[in-house]
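Here the structure is laid out as structure tokens; the discussion comes afterwards.
Both backbone and side-chain heavy atoms feed into the values below; hydrogens, waters and symmetry mates do not. Small disclaimer: the values here were computed from a predicted structure and weren't measured. In what follows, chains are A, B, ... by sequence order, proteins preceding strands, each numbered from 1.
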There are 2 protein chains.
Amino acid sequence: MDNNTDFIEKLRSSGLRPTKQRIRICKLLFDRKKTFHFTINDLSKTLKKENIKQISLATIYNTVHSFKKKGYLKEISINREMSYFDTNTSDHHHFLDINTNQLIDLKKEDVEKVRIKKNLPGKKINSIEVLVKIENSN
Amino acid sequence: MDNNTDFIEKLRSSGLRPTKQRIRICKLLFDRKKTFHFTINDLSKTLKKENIKQISLATIYNTVHSFKKKGYLKEISINREMSYFDTNTSDHHHFLDINTNQLIDLKKEDVEKVRIKKNLPGKKINSIEVLVKIENSN
DNA sequence: TTATAATTTATAATGATTCTAAAGTAGTGT
DNA sequence: ACACTACTTTAGAATCATTATAAATTATAA
């Protein structure tokens with residue numbers, strides 16, 4: 001019934017005060033079996049549909065950014081127009097359906113380890129991001 | 001001396017009128033041995049440094065976009081803040097130095113072919129983009 | 001309960017990109 | 001050379017997502 005306590009703990013443990021707004025967003029983002037992808041706009045629209053007191057846009061931005069900073073969310077920037085947040089923060093890659101703009105997780109085992117044969121002196125690899133654009137094959 | 005004729009031909013052959021502005025931008029972008037990467041802002045600043053009549057910002061945007069549409073440039077969108085254009089339009093990947101924000105080409109042979117083991121019914125792969133973020137190693 | 005620091009909020013500000021419509025230019029035909 | 005048309009350039013306005021501001025509210029610890 002009241003699994004808010006989990007979120008309250010989660011928030012408090014990372015130094016974020018468990019406010020109504022943050023808890024509500026936690027429930028929306030993390031209270032589900034599958035990970036999912038959303039834009040700020042998606043989140044904002046979904047929150048508007050609920051008949052609860054509205055959360056201001058500024059708070060939505062603040063919350064998503066602090067969740068990202070705390071490692072609860074990963075950002076996948078597609079281009080200037082599209083930036084997704086992903087509740088799956090593990091190391092993984094994505095399909096982007098260019099017909100629907102849907103972002104789809106690729107499991108680690110779906111992509112053979114990417115080998116980079118070049119390296120630059122004084123530099124090391126921080127991350128490798130693979131984006132596979134897919135389209136209708138009709 | 002006057003290798004503008006090449007650019008004039010190039011432009012005309014793709015249905016773009018060879019205007020002063022387009023030729024000047026062509027020279028800046030394509031009259032070099034190595035391919036290179038730039039943002040609209042970089043290009044705009046470089047053009048400002050030349051003591052010739054300034055090209056308006058709108059024209060810079062228009063030109064870069066039409067060059068992209070004609071296949072002379074490839075866009076590499078890093079995130080909302082950074083979008084690079086690449087004079088190397090072949091199929092290749094990139095290093096992004098997160099300390100300097102420099103984008104560096106990876107040759108085809110620098111990255112082992114990326115194998116995707118998942119496929120979705122009714123969908124086919126359009127492109128595979130690999131971005132390798134690198135940082136100072138010390 | 002009170003003091004405080006953190007948070008939320010509505011609204012304003014920002015800044016990159018796109019739009020607009022008027023002026024300028026290239027290409028074509030005469 | 002001239003004129004016509006369509007294309008291009010231009011300055012400035014408009015747009016729109018995001019960030020900043022500063023006042024009101026709330027969580028927390030004393």
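- Look at Thr19(B) and you won't find any side-chain N or O under 4.0 angstrom from OP1 or OP2 of dA26(C).
- Asn62(B) comes within 4.0 angstrom of a nucleotide base, judged by non-hydrogen atoms across all strands.
- If you take NZ of Lys69(B) and C1' of dT8(D), they are 14 Å apart, rounded to a whole angstrom.
- Between Arg80(B) and the phosphate of dA16(C), there is no side-chain N or O to OP1/OP2 separation shorter than 4.0 Å.
- Across all strands shown, the partner of dA1(D) is dT30(C), judged by Watson-Crick or G-U wobble contacts whose two distances both fall under 3.5 Å.
- Relative orientation of the Tyr84(A) and His37(A) rings is perpendicular, given thresholds of 30° and 60° on the angle between their planes.
- Between His65(B) and dT17(C) there is no side-chain N or O to OP1 or OP2 distance below 4.0 Å.
- Taking both residues in full, the closest heavy atoms of Asn79(B) and Ser77(A) are given as CB-OG, 3.3 Å, listed atom of the first, atom of the second, then distance.
- Regarding contacts with the backbone of dT26(D), every side-chain N or O of Arg17(A) stays at 4.0 angstrom or more from both OP1 and OP2.
- Under the 4.5 Å side-chain heavy-atom criterion for ILVMFWY residues, a single connected hydrophobic cluster contains both Tyr61(A) and Leu73(A).
- Contacts of residues 44-60 of chain B with DNA chain D (heavy atom under 4.0 Å): Lys53(B), Gln54(B), Ile55(B), Ser56(B), Ala58(B), Thr59(B).
- Distances shorter than 4.0 Å separate some side-chain N or O of Arg12(A) from OP1 or OP2 on dT28(D).
- Two residues, Leu16(B) and Glu81(B), neighbour DNA chain D, and the one matched to the more 5' nucleotide by heavy-atom proximity is Leu16(B).
- For dT18(D), one of the phosphate oxygens OP1 or OP2 lies less than 4.0 angstrom from a side-chain nitrogen or oxygen of Tyr61(A).
- Ring geometry, Tyr72(A) versus Phe30(A): the interplanar angle exceeds 60°, so the pair is classed perpendicular (tilted spans 30 to 60°).
- Residue Phe36(A) is tested with Asp86(A), Leu29(A), Leu103(A) for a side chain to side chain contact (heavy atoms under 4.5 Å, CB included); the sole match is Leu29(A).
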